[in-house]
Amino acid sequence: LAQLAVQLHRDPMLKKRDDFEDMLEERRNSSDLRYALRCYTPVLYKGLAPCKASMLKSMVLQSDQLHHVIGQVSRETGRAADDVQEEASAILEEMAHCLQLSTVRFFAFTLSKVFKTLFRSICVNEEGIQRLQQAIQEHPVVLLPSHRSYMDFLLMSYILYTYDIALPVIAAGMDFMGMKFVGEMLRMSGAFFIRRSFGGDKLYWSVFSEYVKTMLKNGFAPVEFFLEGTRSRTSKSLTPKLGLLNIVMDPYLKGEVYDINVVPVSISYERILEEALYAREMLGVPKPKESTSGLFKARKVLSEDYGSIHVYFGQPVSVRSLAQGRVNRCQFNLVPRHIPRRPSEEIQSFVNDSAYRLVRAQEENMVLKPWVLLASLLLQNHHQDQTAGQKRGMVLEELTAQAVWLRDMFREYGAFLHWPGMNTVLKVVSSSLSLHRGLVRVCGQVKPGEPHSTVTPEEELLSQAVIVLSCASYRNQGLHVFLRPALLASAINAASSNLKQEVFNSFSFLRNMFSNEFILCPGATVQDFEEACYLLVKTGALQVTQQELLVTERGQRTVAFLTSMLDPFLQGYQVVCRFLCEEATENLTEKQFVPAVRKFIIKHLLAGRLRYTEVLSSDLQKNSLAALLRLGAVQKIKSRSESFNTALLRLGAVQKIKA
């Protein structure tokens with residue numbers, strides 16, 4: 001059994017995944033009004049009756065924890081306790097949701113119309129829905145969807161309404177509250193609004209955490225939030241944020257509930273609504289402010305085709321099972337439970353490991369569409385053309401043949417691939433190219449689209465970068481499948497010999513360097529190395545002896561492809577090191593870093609000294625800086641400048657990292 005467990009972890013192909021049903025099919029054949037007005041009677045935790053918003057607020061304001069913090073703030077600031085209590089009440093009023101079924105029905109009707117226009121299908125694993133229905137009746141539930149689009153939280157509520165499941169209360173950024181009418185409608189459909197950062201505001205944190213825990217402990221509704229904290233602009237999973245996860249695990253750790261079920265949800269878009277917007281943001285164009293007028297201006301997207309969406313509700317994960325053997329809950333008996341305290345190192349480590357495990361679960365259930373494969377192949381060919389100073393592209397037949405090879409490779413590595421089986425490969429490829437015609441040019445040859453006529457070489461470069469970064473975001477959707485074998489392939493190339501220890505050392509360095517870039521679980525270096533070896537051996541690309549790792553003749557193509565997948569990231573990190581060594585001054589602030597490094601990269605791209613346009617991504621630049629700070633190659637120091645604090649970057653061992 002232990003051997004089978006290891007093999008199941010290493011070989012995702014052995015994992016059974018649920019089938020999908022298209023929930024829009026019924027919507028296309030029946031009345032949207034009847035659907036919105038139908039009887040909606042979701043079953044709640046232990047058969048509870050729905051809780052009114054006023055009752056929930058009252059429970060929060062009367063909680064022992066909040067009273068303790070109000071007294072603490074009163075003593076520290078010298079303010080009257082009643083004043084602090086009034087401030088807490090105002091914070092809660094601004095924050096709290098106010099669910100109204102009439103608003104939910106309005107959204108159900110409107111979203112039906114919108115979704116049928118935008119998408120060919122919305123496919124849901126109904127077995128996952130059944131598991132969720134059961135989980136809600138047994139224990140409080142936390143929903144953790146992946147976050148790639150503004151559409152995510154609307155889509156989640158729409159699905160749960162359709163399947164007669166209790167609507168979640170959803171953590172939303174305060175930005176949405178500024179949208180006239182829309183903000184209040186979101187509040188009335190289950191959103192509660194929180195600030196992006198609390199600083200050291202004890203009172204705000206206490207109101208927020210008590211509000212979430214009160215909903216969770218009493219099982220009034222599932223709590224939903226995005227573990228990544230914000231939308232991923234690159235379609236890679238982001239490093240999880242632990243604040244809310246700490247809060248929702250607290251009632252179990254303190255023995256206030258028997259268990260909590262956490263449900264990872266994977267939402268996969270064939271075409272993302274914000275693709276060009278994200279690319280421009282990564283090139284320094286500010287994110288448009290959320291506004292009602294902006295929403296109306298965006299209605300032109302209704303004339304576009306965005307393909308299909310797949311939503312996979314994963315297995316509910318028991319917090320009790322996660323904590324088994326990891327956490328000693330007796331520590332919570334030593335201090336009254338209503339007194340807030342910083343989590344111990346043991347708890348922080350447990351929550352962090354759980355967060356990575358949950359994001360990995362999201363990744364494994366992401367459904368990959370044919371365009372993910374085509375974008376990967378076209379980008380690699382584009383990079384080769386750039387190196388050779390050509391703009392050849394690929395012949396359609398060549399692209400189709402390579403797509404078959406890559407499709408089979410994805411399957412061998414256990415990817416959750418949606419490849420229409422009833423169509424010929426050429427038809428699948430042609431259909432995918434047609435859907436993404438804004439990013440690809442088919443004119444004898446197939447290649448990433450070319451920018452419209454521009455005035456300067458820099459403008460042309462940035463226009464091309466929008467297309468390349470958009471294509472890269474689709475390639476990134478499949479990176480988690482190949483990440484560990486790709487790290488091993490790059491390590492084999494970088495190591496000074498084929499000795500297993502040499503390759504492992506190189507693998508370990510690359511894995512450590514990229515742990516801000518990809519989801520790599522802390523402390524799992526050996527496990528990841530063994531998994532990578534297993535997959536490459538299983539597919540015939542690698543031979544492993546007691547002392548050496550040898551690439552087979554058959555594996556040359558595989559290893560070259562895997563190495564090429566990581567090359568843009570390697571060059572991105574190298575160019576940041578080069579910038580810090582050659583251009584950075586002692587007065588470089590964190591705020592100035594991205595614009596300065598972008599200017600440096602543009603200069604080198606125009607001079608032909610860099611191969612990958614992707615290195616212009618601000619996401620890549622920020623991640624490389626975070627890695628250098630973590631590794632001690634760069635230091636961040638506080639400098640008081642004109643009455644405000646500025647974070648200065650000071651060079652350390654960058655030369656060594658660069659080498």
Side-chain angles (χ1 to χ4, degrees), residues 45 56-57 59-61 63-69 72 88 91-92 94-97 139-145 147 153 168-174 190-230 239-264 317-320 322-323 326-327 329 331-332 335-359:
Y45 171 54
L56 178 62
K57 289 175 192 173
M59 291 170 75
V60 173
L61 291 171
S63 71
D64 290 339
Q65 178 181 310
L66 188 54
H67 277 200
H68 174 82
V69 172
Q72 208 176 31
I91 290 169
L92 186 59
E94 177 188 62
M95 179 186 297
H97 81 286
H139 302 291
V141 164
V142 176
L143 294 167
L144 297 178
H147 200 15
F153 66 91
V169 286
I170 308 155
M174 200 66 85
F192 66 95
F193 298 100
I194 55 174
R195 296 175 192 166
R196 290 290 179 190
S197 61
F198 307 161
D201 194 331
K202 244 186 243 182
L203 185 64
Y204 192 92
W205 175 261
S206 181
V207 172
F208 166 58
S209 60
E210 196 58 35
Y211 178 68
V212 173
K213 285 190 279 190
T214 302
M215 288 188 290
L216 196 65
K217 285 187 292 190
N218 294 284
F220 293 139
V223 173
E224 178 186 317
F225 63 92
F226 300 110
L227 194 49
E228 297 162 283
T230 187
T239 303
K241 304 291 186 291
L242 305 182
L244 257 168
L245 194 62
N246 264 307
I247 289 171
V248 298
M249 286 186 166
D250 197 59
Y252 166 74
L253 296 172
K254 288 182 176 175
E256 294 168 328
V257 294
Y258 179 77
D259 199 0
I260 294 167
N261 279 321
V262 182
V263 181
V317 177
S318 156
V319 173
R320 189 178 189 86
L322 284 175
R326 287 288 314 270
V327 177
R329 293 196 291 166
Q331 61 187 280
F332 293 98
V335 179
R337 289 175 190 176
H338 67 273
I339 298 178
R341 48 183 271 187
R342 284 185 66 82
S344 65
E345 279 188 28
E346 179 192 32
I347 298 297
Q348 286 178 340
S349 174
F350 163 67
V351 173
N352 189 51
D353 290 352
S354 301
Y356 274 87
R357 180 172 168 178
L358 290 163
V359 177

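Source: prediction; values computed, not measured. Throughout, numbering of the chain's residues begins at 1 and tracks the sequence.
Rounded to the nearest 0.5 Å, atoms CG (Leu203) and CZ (Phe208) are 14.0 Å apart. Put simply, CD on Glu94 and CE on Met174 are 3.5 Å apart, with the number rounded to the nearest 0.5 Å. In this structure, Met249 CE and Lys213 NZ are separated by 14.0 Å, a value rounded to the nearest 0.5 Å. Note that CZ of Phe332 and CG of Leu253 are 4.5 Å apart. Values are rounded to the nearest 0.5 Å. In this structure, OH in Tyr45 is found 12.0 Å from NZ in Lys217, a value given to the nearest 0.5 Å. The distance from atom CG of Leu144 to atom CG of Leu245, rounded to the nearest 0.5 Å, is 7.0 Å.
Heavy-atom minimum distance, Phe192 versus Ala171: CE2-N, 3.5 Å. Scanning all heavy atoms of the two residues, the minimum distance from Lys241 to Gly229 falls at CG-CA, 4.0 Å. Between Ala191 and His97, the shortest heavy-atom distance links the atoms O-CB, 3.1 Å. The shortest heavy-atom contact between Val319 and Phe350 is O-CZ, 4.4 Å.
Here the side chains of Pro140 and Met215 are not in contact, with every heavy-atom distance at 4.5 Å or above. Phe225 has its side chain out of reach of Val212: every pair of non-hydrogen atoms, C-beta onward, lies at least 4.5 Å apart. By the 4.5 Å heavy-atom criterion applied to side chains, Arg195 and Met95 are not counted as neighbours. Looking at heavy atoms from C-beta onward, Pro343 lies out of side-chain contact with Val351 at the 4.5 angstrom threshold. A heavy-atom distance below 4.5 Å is not found between the side chains of Val257 and His139. In this structure the side chain of Trp205 reaches within 4.5 angstrom of the side chain of Ile247, judged on heavy atoms. Side-chain contact between Phe153 and Pro145 is absent, with no heavy atoms from C-beta onward closer than 4.5 Å.
Using modelled atom types, one side-chain atom of Glu228 and one backbone atom of His147 make a donor-acceptor pair closer than 3.5 Å. Here the side chain of Thr214 pairs a donor or acceptor atom with the backbone of Glu210 at under 3.5 angstrom. Judged by distance alone, the side chain of Ser63 and the main-chain N or O of Val60 form a donor-acceptor pair under 3.5 Å. Remark: side-chain polar atoms of Arg329 are paired, donor with acceptor, to backbone N or O of Tyr252 under 3.5 angstrom. Looking at Ser206, its side chain never comes within 3.5 Å of a backbone N or O of Lys202 through a donor-acceptor pair. Panel note: side chain Asn246, backbone Leu242; a donor-acceptor pair is recorded below 3.5 Å. The closest donor-acceptor contact from the side chain of His67 to the backbone of Leu61 lies under 3.5 Å.
Test Leu244, Ile260, Asn261 against Val142 for side-chain contact (heavy atoms from CB on, under 4.5 Å) and you get one pass: Ile260.
Within the cation-pi definition used here (under 6.0 Å to the ring centroid, within 45° of the axis), Arg320 qualifies as a partner of Tyr258.
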Checking side-chain contact (heavy atoms from CB on, under 4.5 Å) for the pair Arg337/Asp64: CA distance, chi angles, key distance, verdict?
-> CA-CA 9 Å; Arg337 289 175 190 176; Asp64 290 339; over 6 Å; no
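Ring orientation note: the planes of His68 and His338 are nearly perpendicular, at an angle over 60° on the 30°/60° scale.
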